[in-house]
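Take a look at the structure set out below.
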There are 2 protein chains.
Amino acid sequence: MMSSSAITDRLRAAGLRPTRQRLALGALLFGGGADRHVTAEELHGEAVSQGTRVSLATVYNTLNQFTAAGLLREVMVGPGRLYFDTNIGDHHHFYVEGDGTLLDIPADKVSIARLPAAPAGMSVERVDVVVRVRR
Amino acid sequence: MMSSSAITDRLRAAGLRPTRQRLALGALLFGGGADRHVTAEELHGEAVSQGTRVSLATVYNTLNQFTAAGLLREVMVGPGRLYFDTNIGDHHHFYVEGDGTLLDIPADKVSIARLPAAPAGMSVERVDVVVRVRR
DNA sequence: ATACTTGCAAATCGTTTGCAATACC
DNA sequence: GGTATTGCAAACGATTTGCAAGTAT
């Protein structure tokens with residue numbers, strides 16, 4: 001569990017003013033302890049039903065700012081479905097086709113034995129493994 | 001190189017009438033020999049600049065029909081960027097951030113040593129590896 | 001006081017769809 | 001001729017943006 005002052009500090013460290021909206025969204029994202037995967041719509045819904053007045057546009061902006069600041073990571077699984085993941089460490093995902101949900105796979109559960117060298121003049125930024133599963 | 005009658009046959013086998021538009025798009029996709037990665041916009045541009053009269057909506061419909069017929073595979077790399085891959089075999093991708101291009105990685109260049117079991121009641125459909133690279 | 005944020009509504013982007021006109025068998 | 005396909009334009013869903021009003025430092 002993360003205290004609200006810890007969230008304030010985190011925002012300050014990222015150069016973002018701790019506004020009411022950012023604090024509320026930050027608490028939803030980082031306050032629960034467990035890693036989360038959310039879309040902008042989902043997070044907006046949570047904020048609103050919790051009583052926080054915030055517009056969807058601000059949720060989008062905030063998620064993008066958090067991502068730029070390295071507090072979140074984008075995960076792309078389906079067209080028209082952009083998730084933001086609070087787990088910014090090394091890990092992969094299960095993607096459940098049908099319900100369109102994402103589940104973390106801890107990095108130590110997947111090991112990639114061989115990878116090709118990056119094409120000439122390019123460097124590897126990240127390797128994403130998505131295991132598509134179906135019920 | 002694939003002859004136009006071979007494309008006609010392929011369309012017929014998929015239950016699709018070999019119309020002028022589908023033949024032209026099929027020739028662009030499958031006629032060149034090498035595997036291709038295209039977006040609908042790109043393919044439409046190619047068709048138009050080659051003199052084929054075809055609407056963007058038809059390109060979208062055709063790509064979806066080809067995919068449903070197993071002639072193409074969808075690859076998702078970035079939000080708002082759906083690629084269609086003529087290589088339907090087992091393989092992975094380099095995604096070049098910045099230019100937003102895709103490169104195939106042959107299946108035998110990647111080996112995944114360990115994978116977690118699928119969550120209870122689910123079966124693994126496919127494992128996608130995307131190696132994000134940057135110049 | 002000043003610069004940064006927010007909210008709204010409009011704009012944009014990629015993609016899909018309804019429907020009348022057209023092409024294929 | 002009858003059904004599948006096309007093109008257009010409108011509809012769509014997700015995301016971004018311009019700008020005036022509000023808020024943090």
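Chain identifiers are assigned alphabetically (A, B, ...) following the order of the sequence lines, protein sequences preceding nucleic acid strands; residue numbering begins at 1 within each chain. For the numbers below, each heavy atom of this structure counts, side chains included, while hydrogens, waters and symmetry mates do not.
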When the distance from [atom1] of [X] to [atom2] of [N] is rounded to whole Å, what number comes out?
X	N	atom1	atom2	value
B:L56	C:dC13	CG	P	14 Å
A:L16	C:dA3	CG	C1'	14 Å
B:L63	C:dT15	CG	C1'	11 Å
B:E42	C:dG14	CD	C1'	13 Å
A:L11	C:dT5	CG	C1'	13 Å

5' priority, DNA chain C, between B:R81 and A:R22 [closest heavy atom]: A:R22
Residue met sooner reading DNA chain C from 5', once B:Y83 and A:A57 are mapped to nucleotides: A:A57
Summary of side chain to side chain donor-acceptor pair (under 3.5 Å) pairs that have at least one residue in residues 58-74 of chain A, sequence neighbours excluded: A:R22-A:Q65, A:S55-A:T58
Would you tell me if any nitrogen or oxygen in the side chain of [X] comes within less than 4.0 Å of OP1 or OP2 on [N]?
X	N	answer
B:Y60	C:dT15	yes
A:S55	C:dG7	yes
A:N61	C:dT5	no

Pairing residues for A:H92 by the ring pair (Phe, Tyr, Trp, His ring centres under 6.0 Å) criterion, not counting sequence neighbours: none
Side-chain hydrophobic cluster, 4.5 Å single linkage: members besides B:L102: B:V75, B:V77, B:Y83, B:Y95, B:V130
Is the backbone N or O of [Y] less than 3.5 Å from a side-chain atom of [X], with the two atoms forming a donor-acceptor pair by type?
X	Y	result
B:R20	B:R53	yes
A:H44	A:E42	no
A:T52	A:V48	no

side-chain contact (heavy atoms from CB on, under 4.5 Å) between A:E97 and B:E125, worked out: CA-CA 9 Å; A:E97 316 238 21; B:E125 186 126 307; 3.9 Å; yes
Working for side-chain contact (heavy atoms from CB on, under 4.5 Å), residues B:L71 and B:I88: CA-CA 7 Å; B:L71 271 41; B:I88 54 176; 6.0 Å; no
DNA chain D: 5'-most and 3'-most nucleotides touching chain A, 4.0 angstrom heavy-atom criterion: D:dA14 to D:dT25
Side chain to side chain donor-acceptor pair (under 3.5 Å) partner of A:H93, the single match among A:N87, A:D104, A:D128, A:T101: A:D104
Test side-chain contact (heavy atoms from CB on, under 4.5 Å) applied to A:R36 and A:D85, step by step: CA-CA 6 Å; A:R36 305 205 55 192; A:D85 189 344; over 6 Å; no
Verify same cluster id: A:V129, A:L103 (apolar side-chain graph, 4.5 Å): yes
Near-strand residues of residues 66-77 of chain B, defined as heavy-atom separation under 4.0 angstrom from DNA chain C: none
Look for any protein N or O under 3.5 Å of an N or O in nucleotides 22-25 of chain C and output each such pair with its distance, or none.
{"unit_1": "C:dC24", "atom_1": "O2", "unit_2": "B:R17", "atom_2": "NH1", "d": "3.3"}
{"unit_1": "C:dC25", "atom_1": "OP1", "unit_2": "B:R12", "atom_2": "NH2", "d": "2.9"}

